[in-house]
Amino acid sequence: MDRTALCTLGDIAPLSAHRRPIVKPLPGDLFTVHGTDAETRWEAMAGQGYHTPNDRFFVGNHTATPLLDAHSWRLRLHGDGLEGPRSLTYADLRGLPARTLDAAIECAGNGRSLFPGHDGVPWGLGGIGVARWRGVPLKAVLGLAGVRPDAVEVLATGLDDPVEGQGHVRHAIPLSKALDDALIAYEMNGVPLPPDHGYPARLVVPGWVGIASIKWLGDIEVGTEPFTSPFATGVTTLSVKSAFELPWPATVAHGRRHVLRGRSWSGRAGIAKVEVSTDGGRTWQKAFHRRGTRAWTPWHVEWCPREKGPGVLLARAVDHNGYRQPESKPYHHMGNLFDAIVAHPVIVE
Ligand SMILES: Nc1nc2c(c(=O)[nH]1)N[C@H]1C(S)=C(S)[C@@H](COP(=O)(O)O)O[C@H]1N2
Ligand SMILES: [Mo]
């Protein structure tokens with residue numbers, strides 16, 4: 001890619017930044033960096049609205065963010081599950097009827113460092129973000145190529161550099177999910193996708209592990225047999241979690257009224273109920289939240305700490321499928337799908 005091509009993209013980082021795994025700034029008050037990944041610090045969500053602003057949305061990269069040119073970008077559709085191959089330009093995609101969707105992207109390993117023992121990227125709880133995505137339903141794009149009745153799975157592949165020994169980042173979803181609510185997004189919170197989040201187009205697969213939402217989407221294969229991929233986590237839908245919008249550990253003033261805020265979410269269904277304990281789990285109070293927010297549910301409780309010293313804050317959620325966060329979670333060999341109640345350390349001064 002030459003400099004002229006880059007200049008046409010307007011808001012893109014200079015060429016010198018090309019070798020960094022993540023292009024956007026990662027200030028220490030917004031992010032904790034783990035190699036090629038960056039997780040959002042939960043205190044950076046305090047005072048924010050429903051959506052995670054793009055400047056503080058976590059980044060999950062296997063290699064590095066590529067700087068792609070939308071004008072030469074193509075989306076290739078092929079495979080024995082389609083009537084025939086098809087190729088789309090960015091203008092083609094932009095010309096199709098658009099849909100807007102609030103959805104979370106969450107890494108399957110979010111919360112991994114909270115398991116009793118773990119390997120892999122030591123995520124806290126910040127490997128999640130919710131954005132307003134705008135784009136074209138995958139169903140409509142597949143429809144342009146014609147889906148054969150014996151098609152079963154859809155494999156999406158990214159245009160970022162391949163991972164050594166594993167090839168390009170790719171992930172399959174069942175045809176039923178592809179035709180249900182998967183979106184080929186080109187906008188995030190009202191602006192074109194930032195480079196780190198998949199410019200010019202990415203998949204958004206609501207409720208599924210983050211890896212299913214392939215960024216820098218370049219290739220879609222529809223097959224009549226299930227695909228195998230080294231990037232499959234053996235996990236599909238996400239579990240239930242809760243997090244406080246507080247530093248870790250948090251410090252609060254003694255004898256004063258505080259509003260503790262947080263968010264709960266589930267890959268399976270909306271959140272039905274959230275409870276908070278400020279006394280180590282002896283008593284629980286119901287948190288206040290609005291109804292009917294699917295991607296995640298912001299909540300708050302009031303707390304007047306009466307004793308000085310270290311303690312913990314607990315939050316537990318139940319989703320509309322009746323799934324509740326367990327007291328503890330046994331070790332998982334890949335450190336995925338953590339969902340236990342978290343003891344958030346707090347110091348009352
Ligand atoms: N092409 C491509 N898509 C990808 C990845 C990647 O490395 N390459 N990482 C995946 C992982 S592991 C996660 S958790 C999400 C993160 O999305 P985000 O960076 O927009 O937060 O993107 C997924 N899509
Ligand atoms: Mo991930």
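Whatever order the structure lists ligands and atoms in, that order sets their numbers, starting from 1.
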of all protein heavy atoms, closest to atom 15 (C) of ligand 1 is Gly210 O, 3.6 Å
Which of the atoms in ligand 1, numbered in the order shown and given with their element, are less than 4.0 Å from a heavy-atom of Asn61? 7 (O)
Please say whether Thr63 places an N or O atom under 3.5 Å from an N or O atom belonging to ligand 1. no
In this structure, atom 5 (C) of ligand 1 is nearest to the protein heavy atom Gly60 O, 3.7 Å
So which heavy atom in the protein is nearest atom 19 (O) of ligand 1, and how far is it from that ligand atom? Lys215 NZ, 2.6 Å
Region of Phe58 engaging ligand 1 - heavy atom pairs below 4.0 Å: both
Option from Thr237, Thr233, Thr236 for which side chain to side chain contact (heavy atoms under 4.5 Å, CB included) with Val209 holds: Thr233
Intermediate values then yes/no, side-chain hydrogen bond (donor to acceptor under 3.5 Å, both in side chains), Thr40 and Arg56: CA-CA 6 Å; Thr40 306; Arg56 57 202 69 193; over 6 Å; no
Given Val154, which partner from the list Leu175, Leu82, Val147 fulfils the side chain to side chain contact (heavy atoms under 4.5 Å, CB included) test? Leu175
I'd like to check whether Ile211 has a polar contact with ligand 1, where a contact means an N/O of the residue lying under 3.5 Å from an N/O of the ligand. no
I want to check a possible cation-pi pair here: Arg112 against Phe338, using under 6.0 Å from ring centre and within 45° of the ring axis as the test. no
With heavy atoms of Asp160 as the reference, note each atom of ligand 1 found under 4.0 Å away. 1 (N), 2 (C), 6 (C), 7 (O), 8 (N)
Can the ring centres of His197 and Phe57 be said to be less than 6.0 Å apart? yes
Do you see a donor-acceptor pair shorter than 3.5 Å between the side chains of His34 and Glu39? yes
Which atoms of ligand 1 are found less than 4.0 Å from any heavy atom of Gly158? 1 (N)
Do other residues, nucleotides or ligands put more than 12 heavy atoms under 6.0 Å from Lys329 NZ? yes
Check whether any heavy atom of Arg202 sits under 4.0 Å from an atom of ligand 1. yes
Taking only non-hydrogen atoms of Ser213 and a 4.0 Å limit, the atoms of ligand 1 in range are 22 (O), 23 (C), 24 (N)
Considering heavy atoms of the protein only, find what lies nearest to atom 12 (S) of ligand 1 and give residue, atom and distance to 0.1 Å. His62 CE1, 3.6 Å
Checking heavy atoms under 4.0 Å, the part of Ala108 that sits near ligand 1 is neither
Classify the side-chain pair Asp219/His78 by whether it contains a donor and acceptor separated by less than 3.5 Å. yes
Counting from 1, what ligand 1 atoms have a heavy atom of Phe57 closer than 4.0 Å? 21 (O)
Taking NZ, NE, NH1 and NH2 as the nitrogens, is one of them in Arg132 or Asp102 under 4.0 Å from a carboxylate oxygen of the other? yes
Based purely on interatomic distance, does Glu106 place a nitrogen or oxygen under 3.5 Å from a nitrogen or oxygen of ligand 1? no
Is the positively charged end of Arg261 above the ring of Trp299, judged by distance under 6.0 angstrom from the centroid and angle within 45° of the axis? no
So, 4.0 Å and heavy atoms of Gly129: is ligand 1 close enough to count as a contact? no
